Amino acid sequence: MPSLELSLNDLNAPQREAVTHSGSPLLIIAGAGSGKTRVLTYRIAHLLEQRGVRPGEILAITFTNKAAAEMKQRVEGLISSRAANAMWVLTFHSACVRILRREGGRLGYPSSFTIYDAADSKRLMQLVCKEMDLDPKRFPPKSFSAQVSNLKNELIDYDTFGESAQTEQEKKLAEAYTLYQRRLHEAGAMDFDDLIMLTVNLLEMFPDVAEYYRRRFRHVLVDEYQDTNHAQYRLVRQLVGIGGDTDPAAFPPPELCVVGDADQSIYAFRGATIRNILEFERDYPEARTILLEQNYRSTQNILNAANAVIQRNPDRREKKLWSDQGIGPKITGYVADNEHDEAAFVVGEIDKLHDEGEFTPSQVAVFYRTNAQSRVFEDVFIRTGLPYKIVGGVRFYERKEIRDILAYLRVLANPEDTVSLRRILNVPKRGIGDRAEESIELFAARERISFAQALRRAQDAPGIATRSLKAIREFTALLEELEELAPSSSPSEIIEAVLHRTGYLSELANSKDIQDESRVENLEEFVDVAREFENTFSGPLYGGEEEEEPGAAAGEETGPEGAAAATGEGAGEEAEGEGETTPEPTLVDFLEQISLVADTDQIPDADESGGVVTLMTLHSAKGLEFPVVFLTGMEDGVFPHMRTLGEKEELEEERRLAYVGITRAQQRLYISRSAVRSAWGTPSYNPASRFLDEVPKDLVEWRRSESAIAPSRPKFATQSRKPSARPSREVPTLEVGDKVTHDSFGMGTVQLVDGVGDRTKARIDFGADIGEKDFLVKFAPIEKL
DNA sequence: CAGTCTACTATTTTT
DNA sequence: TAGTAGACTG
C-alpha cells in the first residue's frame with residue numbers, strides 16, 4: 001500500500017484539513033484551480049487507508065462522466081484498482097439508474113426501462129399536445145416540455161401542480177404533464193429528470209430502500225455541488241438520511257462531503273440553485289466549511305482579472321484567489337473591425353506563439369459564448385491550415401441516422417417504447433403515412449391498448465387503407481424477425497441486422513444526396529462504437545459489483561427486498577459482476593451507455609505532438625485548463641448575451657461565466673471583441689462588453705484598442721448599403737411608458753426596454769385583447785407618438 | 001403517400 | 001444565414 005502519510009505532504013494546510021476531516025458534514029469551497037479533484041481523490045484514499053472504510057461504502061457523485069472517470073482513475077493511482085472498482089463513482093444520473101434498475105419495480109417500471117433524452121421527451125410532449133388538440137401557437141409543446149422539466153427539477157408532481165393551477169395556461173400544462181407522465185409510464189420509459197425525481201420519490205416512499213442505501217454508503221461525496229438542482233439536493237439529503245422520513249436514530253448517518261464554488265455556477269438556466277451551496281451550513285448545522293483559495297493554475301495577473309470581475313457580483317462569499325506562480329505577462333486585448341478580422345488575429349497569434357517556440361497549438365483554446373460563433377473561426381482556421389477541433393456542436397448521437405437506428409434498438413429492447421416505435425414506423429419509407437399512423441393511434445386510444453399492441457391488431461383499426469395494412473404487416477413481421485435474433489446477438493450484430501434487413505442502408509446507398517454518404521460513414525462508425533463497447537465491457541452500469549466482502553459488513557446488510565435479503569444480500573447473484581464470469585453486454589447495457597454517456601469525441605489529448613487548437617463554448621470549458629486562452633466576442637449583446645441584459649440574476653450568471661473563462665488560462669490570456677458582427681445575415685454593431693470594463697486597466701495591454709470603422713461607441717447601424725427588406729426609417733428611441741402605434745396591433749404602451757444598439761428590444765402592451773408582445777425595435781413597424 | 005416549398009425562429013445544455 | 005417543421009401539391 002502506498003503511504004498516504006507521505007503524500008499528505010503534497011497538500012497545503014486547508015487541503016490537508018479537507019482530506020482528513022471527519023465526524024460531520026463537510027463543505028469544501030474550492031476556488032478555480034485550487035486542487036479540488038486532488039482533494040477529493042486524496043480524501044477517498046484517506047478514508048480507505050486510514051479510516052478503515054471499505055470501497056463498497058463509498059459513493060462519489062459527479063455531474064459528468066468525464067469527471068467520474070477522472071476521479072476513478074486518480075483514485076486508482078493511489079490505491080489498488082480492484083478496490084476502486086467496488087466504489088460507486090458515478091454521475092447523478094447513472095447512480096439513479098443503478099438504483100432504479102433494482103428498485104424501479106416498486107414504482108411500476110420494468111427494470112429494462114428506456115431512458116428518453118431531451119429530444120425524445122420533446123417528441124412525446126408533441127404527441128401529447130396533439131392528442132389534447134392544443135393550438136401549438138398558444139400552447140407550444142416545446143415550452144411545455146421545458147416547463148415540465150423545471151417542475152420535475154423542483155420535485156413538483158402533476159397532481160400538486162394541477163391543484164394550484166390558476167390560469168388556462170397552467171391548467172393545460174397540468175393536463176399535459178399528467179398525460180405526458182402517463183404515456184412515459186406506459187412506454188416503460190423515464191426522461192432525464194425522472195431519473196432523479198423518481199429516485200427521490202422511491203427513497204421517500206420506501207423507507208426500507210432508503211435505509212438500505214444509507215447503511216451501505218457510509219460516505220457520500222458530491223462534486224460541483226453548486227450545480228445541483230432542488231431534486232438533486234433532496235436526493236443527497238435522502239442518501240445521508242437527514243430531512244428524510246425515516247428514523248435517523250437507528251444508526252449514525254452517512255458522512256457527507258460536498259465540493260463546489262458558487263462563483264462557477266453557470267447552469268442556473270437548467271435549474272441549478274446556488275442556494276444549495278450558500279445554505280449548506282444551515283441545511284447541515286454541524287457542518288464544517290473549508291475554503292481553498294490558493295490557485296495552482298494561473299498567473300497572478302490572470303487571477304487579479306478574474307477576482308476583479310467576479311467581485312461585481314453582489315451577495316457572494318468573499319474569496320480571493322492567489323497564486324505563487326508569479327505575476328506573469330499582461331493580458332492582451334484586441335479590438336477587431338469584424339468577426340473575420342477577430343478570427344484572423346487569433347490565428348495570427350497562435351502562429352506567432354508556435355513559431356517562437358512558446359506554445360504548441362494543443363496548448364491553446366478559443367472560447368466563445370455561443371456555438372454559432374465557431375463558424376468564422378472554422379473558416380479562418382481551414383483557410384490558414386491551422387489544425388483545430390471543435391468541442392460540442394452537433395453531437396454524434398444526435399445525428400438523424402444514428403437516432404433512427406437507435407430507435408430500432410430501443411424498440412427491440414422495449415417494444416412498448418412508443419416514441420421510438422413511431423419514429424421508425426415509416427423509416428425507411430415503407431408506405432405507412434400520417435393517415436395510417438393516425439388511425440392506429442385512434443384505435444389504440446379507443447381500445448385502451450398501447451400503440452404497439454394496436455399496430456399488431458391493425459386489421460381491426462377502423463378506416464385503415466388496405467395498402468397501409470399490408471405495409472404495417474410487413475413492418476411488424478420485420479420487427480418480429482429482428483426480435484427473434486436479438487436475444488442471441490451482440491449489440492453490434494443487432495445494429496448490422498437492422499441496417500441491412502430494414503433496407504435503411506440500401507436507401508442511403510441509392511441516394512444521390514452527398515450528405516447521405518457521410519451518413520453511411522457515421523453508421524459504420526456506430527457499428528464500431530458498439531464493437532468497442534463489447535470489447536471494453538466490464539459489467540453492467542447497474543447492479544453489478546456490490547459488496548466485495550459481504551461478511552465483513554458492519555452490521556448485517558438488510559436488503560431492501562425484505563425476505564430475499566435475509567438470505568444474504570451481496571453474496572448472491574449480484575456479486576458476479578467482477579472476476580470469474582465475464583458478463584455478456586446486453587442491448588440494454590449498450591443503450592444505457594449511449595443515453596447516459598455523452599460524446600466519445602471530446603477534448604483532444606493535450607500531449608499529442610503539436611496537436612490541435614481546441615474551440616469551444618464557455619460552458620464546455622468549465623473544469624478544463626489551457627496554457628493559452630482566447631476569450632472572444634467580448635461584446636455587450638454577445639457576451640453578456642443579449643437575452644440576459646434585462647435580468648439581474650442572469651447577468652450575474654454571465655459574469656460567473658466570464659470568471660470561469662478567465663480562470664481557465666494558465667499563462668497567457670487574450671481578450672478580444674469585434675466592432676461589427678453579422679448575426680443572422682444582418683450586421684450589428686456592438687459596444688464593448690461590460691466585463692471588459694470590469695478588468696482593471698493596468699492588467700491589459702491593448703494591441704489594438706479601437707476599431708477603424710467605428711471610432712467611438714456607435715449608436716445605431718449606419719444602415720447597410722444594400723436596401724434591406726424594410727425601407728429605411730427612423731428607429732425610435734423608446735423608454736418605458738412611451739405610447740406607440742404598431743402597424744397591425746395599433747396603440748400600445750412600452751413596458752420594458754432591453755438590449756443594445758440594433759438589438760434593442762421592447763415589450764409593448766396593446767391592451768387586453770392582444771396583450772404584451774416583444775419586438776426588436778429596429779425591425780418592428782412601430783412609431784412613437 | 002411522398003416530395004417540395006414556405007414560413008418561422010434563432011443562448012448556454014454536464015445527463 | 002441556415003436549419004427545421006408544417007402546409008401544399010402532384
Side-chain angles (χ1 to χ4, degrees), chain A residues 61-69 90-97 115-123 126 130 136-137 140-142 146 149 153 190-196 223-224 226-229 231-232 264-272 367-373 375-376 391-395 397-398 400 426 428-438 465 467-468 471 513 515 592-599 602-603 616-624 633 637-645 650 653-654 656-658 660-661 678-683 759 776:
Chain A
I61 308 177
T62 64
F63 272 85
T64 67
N65 293 291
K66 212 180 110 227
L90 298 169
T91 63
F92 268 102
H93 295 265
S94 22
C96 287
V97 168
I115 300 164
Y116 278 1
D117 67 16
D120 299 316
S121 70
K122 260 188 206 135
R123 181 81 194 121
Q126 217 167 23
K130 217 173 82 194
K137 287 257 155 56
K142 226 182 99 190
S149 172
N153 287 161
M190 299 183 191
D191 64 24
F192 275 139
D193 305 309
D194 280 341
L195 296 178
I196 313 289
D223 192 15
E224 305 279 17
Q226 78 281 353
D227 287 335
T228 50
N229 61 33
Q232 287 157 340
Q264 292 184 68
S265 159
I266 54 173
Y267 285 104
F269 72 94
R270 282 177 57 102
F367 300 157
Y368 35 78
R369 174 65 238 265
T370 65
N371 280 123
Q373 290 166 250
R375 273 198 85 100
V376 194
V391 176
V394 225
R395 299 217 264 270
Y397 294 117
E398 275 162 28
K400 187 177 159 298
N426 200 30
K429 300 255 174 304
R430 52 170 72 89
I432 309 175
D434 298 347
R435 216 29 204 285
E437 187 179 344
E438 231 166 273
R467 200 148 53 108
S468 310
D513 190 337
Q515 267 205 337
E592 179 170 317
Q593 169 87 6
I594 286 172
S595 357
L596 255 33
V597 179
D599 269 286
Q602 277 293 338
I603 292 74
M616 67 183 104
T617 63
L618 283 155
H619 281 87
S620 322
K622 201 176 83 162
L624 305 175
V638 175
F639 184 38
H641 194 274
M642 177 181 47
R643 291 163 82 135
T644 65
L645 293 174
E650 288 189 52
E653 179 147 313
E654 295 283 294
R656 293 193 291 269
L657 196 53
V660 166
S678 302
W680 313 324
T682 42
R759 298 170 174 209
L776 211 51

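Keep in mind the model is a prediction, meaning the values are calculated, not measured. Quick note on labels: first sequence line is chain A, next is B, and so on, each numbered from 1.
- A salt bridge does not link Arg643(A) to Glu650(A): none of the charged nitrogens lies less than 4.0 Å from a carboxylate oxygen.
- Nucleic acid contact class of Lys429(A) (heavy atoms, under 4.0 Å, all strands): sugar-phosphate only.
- As a whole-Å value, the separation of Asp434(A) CG from dA2(B) P is 9 Å.
- Put simply, Ser468(A) has a side-chain N or O that comes within less than 4.0 Å of OP1 or OP2 on dC1(B).
- Here dT15(B) presents its P atom at 13 Å from CZ of Phe92(A), a figure rounded to the nearest Å.
- Ala68(A) pairs by the side-chain contact (heavy atoms from CB on, under 4.5 Å) definition with Thr62(A), Val89(A), not counting sequence neighbours.
- For Thr228(A), the side chain to side chain donor-acceptor pair (under 3.5 Å) criterion is met by Asn276(A), not counting sequence neighbours.
- Ala436(A) comes within 4.0 angstrom of sugar-phosphate atoms only, judged by non-hydrogen atoms across all strands, and of no base.
- Taking Phe367(A) as the reference, nothing meets the ring-ring contact (aromatic ring centres under 6.0 Å, His included) condition, with sequence neighbours excluded.
- Not a single side chain to side chain donor-acceptor pair (under 3.5 Å) links Asn426(A) to another residue, sequence neighbours left out.
- Applying the side chain to side chain donor-acceptor pair (under 3.5 Å) rule to Gln264(A) yields the partners Asp261(A), Arg664(A); only residues at least two apart in sequence or on another chain are considered.
- Atom CD1 in Ile432(A) sits roughly 9 Å away from atom P in dC1(B) (whole-Å rounding).
- Checked against side-chain contact (heavy atoms from CB on, under 4.5 Å), Ala272(A) has the following partners two or more places apart in sequence or in another chain: Tyr267(A).
- For dT11(B), the glycosidic angle deviates from 0 by 90° or less, giving a syn base.
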Give me the distances for all protein-to-nucleotides 5-10 of chain C N/O pairs that come in under 3.5 Å?
{"unit_1": "dG6(C)", "atom_1": "OP1", "unit_2": "Gln126(A)", "atom_2": "NE2", "d": "3.4"}

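- Distance Tyr397(A) OH to dT15(B) P: 12 Å, rounded to the nearest Å.
- Summary of the strand contacts: Asp227(A) and Arg467(A) both lie near DNA chain B, and taking for each the nucleotide with the nearest heavy atom, the more 5' one is attributed to Arg467(A).
- Asn426(A) comes within 4.0 angstrom of sugar-phosphate atoms only, judged by non-hydrogen atoms across all strands, and of no base.
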Check nucleotides 6-13 of chain B against the protein and report each pair of N or O atoms closer than 3.5 Å, with its distance, or say if there are none.
{"unit_1": "dT11(B)", "atom_1": "O4'", "unit_2": "His641(A)", "atom_2": "NE2", "d": "3.4"}
{"unit_1": "dT12(B)", "atom_1": "OP1", "unit_2": "Asn371(A)", "atom_2": "N", "d": "3.1"}
{"unit_1": "dT12(B)", "atom_1": "O4'", "unit_2": "Arg369(A)", "atom_2": "NH2", "d": "2.9"}
{"unit_1": "dT12(B)", "atom_1": "N1", "unit_2": "Arg369(A)", "atom_2": "NH2", "d": "3.4"}
{"unit_1": "dT12(B)", "atom_1": "O2", "unit_2": "Arg369(A)", "atom_2": "NH2", "d": "2.5"}
{"unit_1": "dT13(B)", "atom_1": "OP1", "unit_2": "Thr617(A)", "atom_2": "OG1", "d": "2.7"}
{"unit_1": "dT13(B)", "atom_1": "OP1", "unit_2": "Ser620(A)", "atom_2": "OG", "d": "3.4"}
{"unit_1": "dT13(B)", "atom_1": "OP2", "unit_2": "Asn371(A)", "atom_2": "OD1", "d": "3.0"}
{"unit_1": "dT13(B)", "atom_1": "O2", "unit_2": "Arg270(A)", "atom_2": "NH1", "d": "2.7"}

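- For the ring-ring contact (aromatic ring centres under 6.0 Å, His included) test, residues two or more places apart in sequence or in another chain that qualify with Phe92(A) are Phe63(A).
- Taking atom CD of residue Gln593(A) and atom P of nucleotide dT15(B), one finds them 11 Å apart after rounding to whole Å.
- Side chains of Asp193(A) and Ser149(A): a donor on one and an acceptor on the other come within 3.5 Å.
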